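Right, one structure below, let's go through it.
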Amino acid sequence: MGNCSPYNSKKLTKTLLPILLLLLLSTISQAQGNTNSNYIKSKCNITTYPSLCLKTLLPYASYVQTNPIKLCDTALDIAIDSAKNTSHMVSELGKNKGITKYETAAIKDCIGDLKDAVYELKETLGAMNHLNDTDKDFQWDNAKTYASAVISDANSCLDGFSDRKVNPDVKAKISDAISYVTKLASNALAFINHLY
């Protein structure tokens with residue numbers, strides 16, 4: 001039999017205790033991570049585009065945790081970045097040589113619509129930041145109105161290309177990018193609509 005002196009027991013305890021604590025903390029952290037991911041997965045089920053929702057929001061699970069306001073804000077931040085990137089891409093297309101006057105007009109209108117969409121997304125985010133104010137219902141209505149307007153502006157951009165003679169490749173590229181912004185805004189709006 002081994003030597004079970006008090007000295008050896010203390011030495012064993014000092015060795016095993018940190019390992020056990022590390023394992024416990026790792027298990028807790030993993031459980032929290034699973035809870036956060038499951039929260040986002042369940043919330044994405046209420047959106048119109050759940051697979052896009054998962055793709056864009058799961059990387060933020062540790063930040064969002066199970067907070068519905070953080071979920072809305074994160075979805076809006078992603079939509080803002082996408083709208084800005086799309087505006088930049090459309091603007092760059094407008095600088096290409098050989099574009100027609102019809103394409104130039106459609107691109108100019110689209111850039112205006114995208115600037116409006118970015119503004120409205122920021123206003124949505126601003127209204128969300130005031131949901132703890134005394135006029136919570138008013139702010140919540142503002143957030144829903146602005147988020148809905150984003151989708152209208154994005155569709156307005158696409159309408160400008162359907163009425164004009166435009167290179168099919170240019171139209172397809174812009175249509176794909178606008179569709180992505182619209183889907184992100186739609187998902188953010190779904191979260192906002194289901195806050196209360």
Side-chain angles (χ1 to χ4, degrees), residues 32 35-94 106-161 174-196:
Q32 285 175 333
T35 300
N36 298 340
S37 294
N38 288 337
Y39 174 77
I40 288 179
K41 287 175 186 175
S42 71
K43 290 298 179 182
C44 283
N45 285 333
I46 66 167
T47 67
T48 311
Y49 307 99
S51 60
L52 177 63
C53 179
L54 290 171
K55 178 183 163 189
T56 56
L57 289 170
L58 273 178
Y60 300 95
S62 62
Y63 168 74
V64 170
Q65 298 176 1
T66 58
N67 184 318
I69 300 294
K70 283 185 178 180
L71 181 65
C72 291
D73 289 353
T74 303
L76 288 166
D77 284 337
I78 292 167
I80 289 168
D81 287 344
S82 179
K84 285 179 179 178
N85 291 339
T86 300
S87 181
H88 178 73
M89 184 268 297
V90 172
S91 180
E92 290 299 309
L93 284 174
I107 285 170
K108 184 179 177 186
D109 290 345
C110 185
I111 290 168
D113 291 330
L114 286 167
K115 285 182 179 177
D116 289 345
V118 170
Y119 168 79
E120 288 152 356
L121 284 164
K122 288 180 177 178
E123 288 297 307
T124 305
L125 199 53
M128 293 294 299
N129 290 331
H130 290 282
L131 290 179
N132 289 328
D133 294 357
T134 55
D135 61 346
K136 175 178 109 176
D137 289 339
F138 175 73
Q139 296 297 339
W140 188 35
D141 285 342
N142 280 346
K144 290 186 276 188
T145 300
Y146 281 122
S148 296
V150 172
I151 297 165
S152 297
D153 280 329
N155 288 331
S156 179
C157 168
L158 291 180
D159 290 345
F161 287 95
I174 291 173
S175 179
D176 288 348
I178 294 293
S179 174
Y180 189 72
V181 171
T182 303
K183 289 174 181 178
L184 291 173
S186 175
N187 284 350
L189 179 58
F191 294 140
I192 293 166
N193 283 333
H194 288 87
L195 265 178
Y196 304 106

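Since the structure is predicted, the reported quantities are computational estimates derived from the model, not experimental observations.
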### Query
Can you list the steps and then say if T56 with Y49 is a side chain to side chain contact (heavy atoms under 4.5 Å, CB included)?
CA-CA 11 Å; T56 56; Y49 307 99; over 6 Å; no

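E120 CD to L76 CG: the interatomic distance, rounded to the nearest 0.5 Å, is 12.5 Å. In this structure, D141 CG and D135 CG are separated by 10.5 Å, a value rounded to the nearest 0.5 Å. In this structure, the separation between CG on L125 and CG on D77 is 5.5 Å, given to the nearest 0.5 Å. The SG atom of C157 sits 11.0 Å away from atom CG of D116, with the distance rounded to the nearest 0.5 Å. Atoms CG and CD1, from N187 and I46 in turn, are 9.0 Å apart once rounded to the nearest 0.5 Å. How far OG of S87 is from CD of E92: 10.5 Å, rounded to the nearest 0.5 Å.
The shortest side-chain heavy-atom distance between L114 and I178 falls under the 4.5 Å cut-off. Side-chain contact between T86 and Y180 is absent, with no heavy-atom pair separated by less than 4.5 Å. Proximity of N142 to F138: side-chain heavy atoms (C-beta onward) are separated by under 4.5 Å at one or more points. Side chains of D109 and D159 form no contact here, defined as non-hydrogen atoms less than 4.5 Å apart. A 4.5 Å side-chain heavy-atom check between L54 and K41 finds at least one atom pair inside the cut-off. Contact of the T182 side chain with the L158 side chain is not registered, since no non-hydrogen atoms from C-beta on lie closer than 4.5 Å. Using a 4.5 Å heavy-atom threshold, the side chains of T47 and S186 count as separate. When side chains are defined from C-beta on, K43 does not count as touching L57, because their heavy atoms never get closer than 4.5 Å.
Here the shortest heavy-atom pairing between L184 and S82 reads CD1-CB, 3.4 Å. Taking both residues in full, the closest heavy atoms of F161 and C110 are given as CE1-CB, 3.8 Å, listed atom of the first, atom of the second, then distance. Smallest separation of non-hydrogen atoms from L121 and A83: CD1-CB, 4.1 Å. Considering all non-hydrogen atoms of both residues, A188 and A75 come closest at CB-CB, 3.9 Å.
Applying the 6.0 Å contact sphere to OH of Y60 captures no more than 12 heavy atoms from other residues, nucleotides or ligands. Heavy-atom contacts from other residues, nucleotides or ligands closer than 6.0 Å to CG of D176 number more than 12. Other residues, nucleotides and ligands contribute only 12 or fewer heavy atoms inside 6.0 Å of the OH atom of Y119.
Checking side-chain atoms of W140 against main-chain N and O of I192 turns up a donor-acceptor pair under 3.5 Å. Between the side chain of S148 and the main chain of K144, a donor-acceptor pair closer than 3.5 Å is present.
Checked against side-chain hydrogen bond (donor to acceptor under 3.5 Å, both in side chains), D113 has the following partners two or more places apart in sequence or in another chain: S156. Not counting sequence neighbours, K55 has no partner by the salt bridge (charged side-chain N to carboxylate O under 4.0 Å, His left out) test.
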List the atom pairs, with distances to 0.1 Å, where a side-chain N or O of residues 61-73 and a protein N or O form a donor-acceptor pair under 3.5 Å, not counting sequence neighbours.
residue : atom : partner : partner atom : Å
N67     : OD1  : I69     : N            : 2.9
N67     : OD1  : K70     : N            : 3.0

